[in-house]
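Contents: one structure, followed by commentary.
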Amino acid sequence: MDESIRHNVGIVGGGMVGLLAALAFDRSFGASCAIHVFDVASIDFDRPLSQASFDDRSTALSFDTLRYMDSLGLLDVSRQACPIRSIHVSNKGRMGSTVLTAQQVNWPQLGGVIENRVLGETLSQQLKGSRVRVHAPSEVATIQPKARGVEVFDAAGKAQVLDCLIIADGGQSALAQRLGMLCESKAYGHSAIIANVATAEHHRYCAYERFSEQGPMAMLPLSNAGDLNRSALVWTASKDRIGELMGLTDRQFCKSLEAQFGYRLGRIEQVGERHVYPLQMMHCIEQVRAGIVVLGNAAHTLHPVAGQGFNLSVRDIRSLSEVLTQCVSSHDFSSAALAPYAQRRALDQWRTVNASDLLPELFQYTGAVGAVRNFALGLMDVIPTVKQRFTAIAAGAVGEGDYV
């Protein structure tokens with residue numbers, strides 16, 4: 001063992017949150033702390049960035065997230081992401097809509113949309129040149145808390161002692177459940193269809209949030225693939241309705257999408273491979289124990305239409321990196337030493353989780369509540385300060401470390 005290494009921090013999960021956390025920690029802690037990433041799947045460091053595929057799944061990145069990634073040296077993320085320069089919010093069949101623009105907050109863009117494949121490859125390429133130690137494929141099967149730190153065992157029983165373990169293995173985390181981490185959850189009874197679509201007209205870097213009594217829908221701008229004008233679709237509805245939509249031919253599906261979304265981007269000319277995901281809200285109330293932190297979708301799973309899940313995790317990473325730097329410096333990873341992370345993140349997480357939960361329901365109301373909502377949407381266009389703040393929130397500039 002290298003005598004210069006005084007601490008070991010492990011991350012379970014080699015997804016986007018786990019890899020980004022590993023890079024952030026490596027830049028913060030220096031050579032005295034070894035960062036270990038464990039994942040059941042192999043991580044390919046030699047796969048180059050290739051041309052965008054029509055069917056690539058995507059993630060919305062807030063402007064706040066893009067700037068944080070730039071600060072970590074991940075400049076390829078900003079270059080590869082398709083910019084979001086405006087957000088159009090509307091309610092099908094109702095009065096009241098608004099357009100949020102980057103100009104309203106004096107930013108070059110409100111965010112960006114990047115293919116998950118491109119983001120993953122960018123992170124793994126950066127990891128290749130870092131001090132991070134990758135154990136993949138490797139399954140963390142058992143966690144045994146100790147007086148100082150935790151001991152992890154792989155499926156073969158091989159053990160390793162860590163000062164701190166970050167659980168970032170995705171929603172419904174088996175490890176967090178085995179540890180009995182206290183969580184609250186809510187099943188929406190809805191599912192989402194995720195697919196890329198080609199439209200007759202270019203999106204002009206506008207993201208669309210379309211609400212209806214059936215459920216919310218998002219159309220996010222993507223970089224073109226050849227001559228195709230691409231957008232990423234998130235269409236939520238009841239499970240029965242989703243089943244009907246999945247049973248349609250591609251042409252029938254495009255027609256149904258036109259009926260729901262309208263012709264803001266002209267005709268829907270093509271749809272890629274469709275994937276269905278059941279929707280639920282989950283928030284892990286207990287995210288910190290001595291030597292253990294829960295992060296990413298293992299800590300909170302949000303409704304996807306507002307695109308805030310990954311961005312909330314990035315804000316968590318930024319704060320956790322600061323707290324763990326103090327733990328490394330003080331040689332203390334106790335629950336008391338890690339508690340400031342939970343304290344700092346509590347308000348932002350609560351606010352974002354509840355806003356993502358409330359927003360789809362708010363747009364389903366009719367009557368007095370619906371009238372107030374529609375009036376408020378129209379009112380934003382005549383009160384610049386309200387609209388400016390709402391635009392900043394939509395762009396992810398909320399919570400600890402606000403840029404606004």
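For the single chain, residues carry numbers from 1 onward in sequence order. What you see below is based on every heavy atom in this structure, not just the backbone, and it leaves out hydrogens, waters and symmetry mates.
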Within the 4.5 Å heavy-atom criterion, are [X] and [Y] side-chain neighbours or not?
X	Y	result
Leu248	Ser256	yes
Pro304	Leu279	yes
Ile166	Leu320	yes
Leu20	Leu74	yes
Glu151	Leu162	no
Tyr341	Gln287	yes
Asn8	Cys33	no
Val150	Val161	no

### Message
Below 30° counts as parallel, above 60° as perpendicular, anything between as tilted: where do the rings of Phe38 and His36 land?
### Response
parallel
Does a side chain donor of either [X] or [Y] reach within less than 3.5 Å of an acceptor in the other side chain?
X	Y	value
Gln270	Arg251	no
Ser321	Ser28	yes
Ser62	Asp64	no
Thr65	Asn311	yes
Gln349	Asp316	yes

Keeping the roles fixed (side chain from [X], backbone from [Y]), state whether a donor-acceptor pair exists under 3.5 Å.
X	Y	result
Asp39	Gly14	yes
Asp154	Lys158	yes
His203	Tyr205	yes
Gln104	Thr101	yes
Asp26	Ile35	no
Arg85	Arg204	no
Ser71	Tyr68	yes
Gln326	Val323	no
Ser124	Gly120	yes

Check this for me: does any side-chain nitrogen of one of [X] and [Y] sit under 4.0 Å from a carboxylate oxygen of the other?
X	Y	result
Asp70	Arg67	no
Arg6	Asp163	no
Glu115	Arg57	no
Asp348	Arg315	yes
Glu121	Arg117	yes
Glu201	Arg230	no

To the nearest 0.5 Å, tell me how far [X] [atom1] sits from [Y] [atom2].
X	Y	atom1	atom2	answer
Arg289	Ser334	CZ	OG	15.0 Å
His300	Ile285	NE2	CD1	13.0 Å
Leu61	Leu220	CG	CG	10.5 Å
Arg274	Ile242	CZ	CD1	10.5 Å
Gln80	Leu75	CD	CG	12.0 Å
Asn229	Thr199	CG	OG1	5.0 Å

Restricting to non-hydrogen atoms, name the atom on [X] and the atom on [Y] that form the minimum distance, rounded to 0.1 Å.
X	Y	answer
Cys183	Cys284	SG-SG, 3.1 Å
Ile317	Phe25	O-CE2, 4.3 Å
Ala192	Thr236	CB-CG2, 3.8 Å
Asp169	Ala174	OD2-N, 4.0 Å
Asp56	Asn196	O-ND2, 2.7 Å
Val113	Pro221	CB-O, 3.2 Å

### Task
Could you go through the side chain to side chain donor-acceptor pair (under 3.5 Å) check for Thr122 and Asp76 one step at a time?
CA-CA 7 Å; Thr122 301; Asp76 276 347; 5.2 Å; no
### Message
Let's go through Asp250 and Lys255 carefully: what are the C-alpha distance in whole Å and the side-chain angles of both, what is the deciding distance for salt bridge (Lys or Arg N to Asp or Glu O under 4.0 Å) to 0.1 Å, and is it a yes or a no?
### Response
CA-CA 9 Å; Asp250 285 354; Lys255 286 292 186 182; over 6 Å; no
### Task
Apply side chain to side chain contact (heavy atoms under 4.5 Å, CB included) to Gln109 and Leu66, showing your working.
CA-CA 10 Å; Gln109 62 192 81; Leu66 289 172; 3.3 Å; yes
### Task
Go through the steps for Leu110 and Phe63 under the test side chain to side chain contact (heavy atoms under 4.5 Å, CB included), then give the verdict.
CA-CA 5 Å; Leu110 294 175; Phe63 185 50; 5.7 Å; no
### Task
List the steps and the verdict of side chain to side chain contact (heavy atoms under 4.5 Å, CB included) for His275 and Ile193.
CA-CA 6 Å; His275 301 272; Ile193 294 177; over 6 Å; no
### Query
Ring centres of His7 and Phe333 under 6.0 Å apart?
yes
### Query
Between Leu72 and Arg27, is a side chain to side chain contact (heavy atoms under 4.5 Å, CB included) present by the stated rule, with each step listed?
CA-CA 8 Å; Leu72 295 177; Arg27 283 155 172 72; 3.9 Å; yes
#### Entry: For Glu258, the option from Arg210, Arg264, Arg267 that meets salt bridge (charged side-chain N to carboxylate O under 4.0 Å, His left out)
Arg267
### Atom CD of Gln103 with >12 non-hydrogen neighbours under 6.0 angstrom
no
### Partner of His88 under side-chain contact (heavy atoms from CB on, under 4.5 Å), chosen from Val99, Leu100, Thr98
Val99
